[in-house]
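Each remark here refers to the structure printed beneath this line.
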There are 2 protein chains.
Amino acid sequence: MDKIIETVMEKYPKKSFEYAVVAVDVVLFTVVRNKLHALLLELDREEFPNMWALPGGLVAPNEKLEQAAERHLRERANATNAHIEQLATFGDPDRDPTGWVVSVAYMGLIAPHSFSPKTSTRYKSIEWYPVDELPSLAYDHQEIIKTAVERLQGKLSYTNIIYSLVPEEFTLSELQNSYEIILEKELDKRNFRKKFLSLDLLEELPKKASGGAHRPAVLYRFTEKTPQIISIL
Amino acid sequence: MDKIIETVMEKYPKKSFEYAVVAVDVVLFTVVRNKLHALLLELDREEFPNMWALPGGLVAPNEKLEQAAERHLRERANATNAHIEQLATFGDPDRDPTGWVVSVAYMGLIAPHSFSPKTSTRYKSIEWYPVDELPSLAYDHQEIIKTAVERLQGKLSYTNIIYSLVPEEFTLSELQNSYEIILEKELDKRNFRKKFLSLDLLEELPKKASGGAHRPAVLYRFTEKTPQIISIL
DNA sequence: CCAAAAGTGTTCAGTATACACCCATGG
DNA sequence: CCATGGGTGTATACTGAACACTTTTGG
């Protein structure tokens, strides 16, 4: 698989083609340090000095788009088991100065600390960036991230996908906190708990969270981790 | 522009490529005869005997994806002024037997009778088909239509896009009828009128609809035809 | 005993739903 | 005068929003 990609890379021309190069880019989100973060790679190319980009790359022939997105997340960032879904496709002729590259963007969601990003070749570094403090971004990746944030905010309100952004076990306060950070608004604690527990998506665990100088919180777990349409907030 | 496309068509190989061919396909919807219809073209190719396909075709280099979608609607079906938005991208390696074609699908909405489809070369005929009585479809166009119908149903409920599916002037009953057909459920007349009029999207016209053996209905018009997020039903 | 987060119910307002009859017209 | 679709109001249930104090723990 990688051999094919390298072959394509060598042939990658500098100008427009009659055929397009098809790429995938993934906006991988997680919530840490009270901010929504996206995973970014620092480019090591002269055309883009000190610029960052989304994890992604070419799609191989005989490869499905979603598989390509998963593969690049794995190869570039060592991330597996993220929930990913297609976001939108960006194909403006001038979006990549090196030629006609049509990029199918994906949104990925992953629980914090569930993998350790490691730099791959061709990149200087890999970093989680808060989406409101992004560095200088290559291509149209700024626009892609903006689209992804809006999609995430929208889907939080009518689906259960939050399950892929929190750890296996979590407290209701942590869950509420994730919503507040992503939706950028405060929620009422009593209303949130009442509503969320009534949805029957969670099971209470026998143990409790400890660790602070305060009353221990009950730990919960999602009973089902498959996407569902439900009115949440 | 067309010359470039023909050039690409001639080179269109029979097997996989390292570069993909990028195409657009449009699911153009309208509501007529109490059914949701999609526009289809009858193929004239040996590989697909008696099969139908969505209007669409290749994207030219230096062309934006959405422009390509509009152009193909125009060239293949003589349709202009449809509201179109990107739906999803379909890129499975085996979705097109002739090679690796990545298709960016669009959803289009157009008022009934607002254009006259005319057959272009390379197609035997062009026809509106009810989405629940589709003919045999080429490629993965069945799946694309299914995705489009679901998207349309979803967006009707939280946006004002119905404006692009009804004529310039319409009665509230016609509007309600469009909702009922697409959402596949009956709505209460009094509640529908109360709700819709309270949204302040419509203006009443001085004239009335005539034509039946019954009381003439007030005609309305959308005051604004730009997409908005609003809770409708 | 103090600080910190966990946990818990009720009231109110606004919105969604259910429901039935008279009106204006053409034929 | 009759068939057809147009047009109207009220009562009830439900849901979202606002709001403050007690509990449990660690230090």
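Naming convention: chains lettered A, B, ... in sequence-line order (proteins, then strands); numbering from 1 in each chain. Being a predicted model, the structure only gives us computed values, none of them experimental.
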- Task: Give Lys195(B) one of three labels, base, sugar-phosphate or nothing, depending on what nucleic acid heavy atoms sit under 4.0 Å from its own.
- Result: sugar-phosphate
- Which is true for Ser173(A) with a 4.0 Å heavy-atom rule: it touches a base, it touches only sugar-phosphate, or it touches nothing?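 Since only primed, P, OP1 and OP2 atoms lie under 4.0 Å of Ser173(A), the category is sugar-phosphate.
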In whole angstrom, give the distance that lies between atom [atom1] of [X] and atom [atom2] of [N].
| X | N | atom1 | atom2 | answer |
| --- | --- | --- | --- | --- |
| Phe196(A) | dT8(C) | CZ | P | 16 Å |
| His214(B) | dG5(D) | NE2 | C1' | 5 Å |
| Gln176(A) | dA17(D) | CD | P | 13 Å |
| Phe170(B) | dG6(D) | CZ | P | 14 Å |
| Lys185(B) | dA18(C) | NZ | P | 10 Å |
| Leu172(B) | dG7(D) | CG | P | 7 Å |
| Phe192(B) | dG7(D) | CZ | C1' | 14 Å |
| Arg215(A) | dT22(D) | CZ | P | 13 Å |

- Query: Between dC19(C), dG7(C), dA24(C), which one does the side chain of Asp188(B) approach most closely?
  - Reply: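 Selected nucleotide (nearest to the side chain): dC19(C).
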- Item | Given dA6(C), dA24(C), dA17(D), the nucleotide with the shortest approach to the side chain of Asn191(A) | dA17(D)
- Task: Establish, yes or no, whether a centroid distance under 6.0 Å links the rings of Phe90(A) and Tyr139(A).
- Result: no
- Query: Which comes earlier along DNA chain D counting from the 5' end, the contact point of Glu174(B) or that of Lys194(B), where each point is its nearest nucleotide?
  - Reply: Glu174(B)
- Query: Hey, are the side chains of Ser178(B) and Ile162(B) touching, using non-hydrogen atoms and a 4.5 Å cut-off?
  - Reply: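 They are in contact (side-chain heavy atoms under 4.5 Å apart), so the answer is yes.
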- Task: Please tell me if the side chains of His72(A) and Val24(A) come closer than 4.5 Å, counting only heavy atoms from C-beta onward.
- Result: yes
- Note on the structure: Note: for Thr171(A) and Pro216(B) on DNA chain C, the residue whose nearest nucleotide lies more 5' is Thr171(A)
- More 5' along DNA chain C: Lys189(B) or Ile232(B), using each one's nearest nucleotide? Ile232(B)
- Task: Anything under 30° is parallel, anything over 60° is perpendicular, the rest tilted; go ahead and classify Phe170(B) against Phe222(B).
- Result: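 Ring orientation of Phe170(B) relative to Phe222(B): tilted.
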- Ion pair Glu63(A)/Arg71(A), N-O distance below 4.0 Å: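 Arg71(A) and Glu63(A): salt-bridged.
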- Query: Quick one: does Arg190(A) reach the base of dA6(C) with a side-chain donor-acceptor pair under 3.5 Å?
  - Reply: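 Flag unset: no donor-acceptor pair detected.
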